[in-house]
Amino acid sequence: MDFRVKNLSRIRSFPSTQDGLRAMARRAPQAEALAASWMESMRPLATRVYALRRRIATITVAVLAGLLFVHVMFGANGMIIYKQKRAEYESLQKRIALEQQENESYAQKIRGLKTDEKAIEKEAREQLRYARPGEYVYVPPAPANPTPTNHSAKK
């Protein structure tokens, strides 16, 4: 294998650092003139902003306070959502209390049916229509003609 370079014209050589410094020194006056013209064009704007710095700061603080207020009131966990959740929590607490009272009444009824003979007899007479020997159970007759309801609109 032959590793010799045949065409040297395609190989580029890097300029020396001294050449780069000389080129930069030659262009320095142009860069300084460009920077000076830019500074002169920006100077009126800079002096105006400097003169209005308190107003700009006040407006910025007011806008940030307004955005913070909107976020606190209407954000994902804002006051409106908090009040809705609080009302929902209170309604659920009331419902839990009612359910616990109902459970307690059922528990008392169950305890009574397990231990109290009078409660057992009362349930048997009311629901199952049981009677003691020699007693008669009175059952009211069913209505003969139930009145039909008319659901048509009145004219």
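With sequence neighbours left out, D19 forms a side chain to side chain donor-acceptor pair (under 3.5 Å) with S16, R22. Partners of Y136 under the side chain to side chain donor-acceptor pair (under 3.5 Å) rule, at least two apart in sequence or in another chain, do not exist in this structure.
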Residues 112-128, side-chain donor-acceptor partners within the protein, below 3.5 Å, at least two apart:
from, atom 1, to, atom 2, distance (Å)
T115, OG1, R111, O, 2.8
D116, OD1, K118, N, 3.4
E121, OE1, R132, NH2, 2.9
E121, OE2, R125, NE, 3.1
E121, OE2, R125, NH2, 3.3
E121, OE2, R132, NE, 3.4
E121, OE2, R132, NH2, 3.1
E123, OE1, Q127, NE2, 2.9
R125, NH1, E135, OE1, 2.8
R125, NH2, E135, OE1, 3.0
R125, NH2, E135, OE2, 3.3

Kindly list each side-chain donor-acceptor pair under 3.5 angstrom involving residues 49-76, sequence neighbours excluded, with atom names and distances?
from, atom 1, to, atom 2, distance (Å)
R53, NH1, Y50, O, 2.9
T58, OG1, R54, O, 2.8
T60, OG1, I56, O, 2.7

Show the atom names and distances, to 0.1 Å, of all donor-acceptor pairs under 3.5 Å that link a side chain in residues 83-100 to residues at least two apart or in another chain.
from, atom 1, to, atom 2, distance (Å)
Y89, OH, Q93, NE2, 3.4
S91, OG, E88, O, 2.8

Expected list for residues 25-35: side-chain donor-acceptor pairs under 3.5 angstrom, two or more places apart:
none

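The hydrophobic cluster analysis finds Y106 isolated: no Ile, Leu, Val, Met, Phe, Trp or Tyr side chain comes under 4.5 Å of it, directly or through other members. Applying the under-4.5 Å side-chain rule to Ile, Leu, Val, Met, Phe, Trp and Tyr, the cluster around M24 extends to L21.
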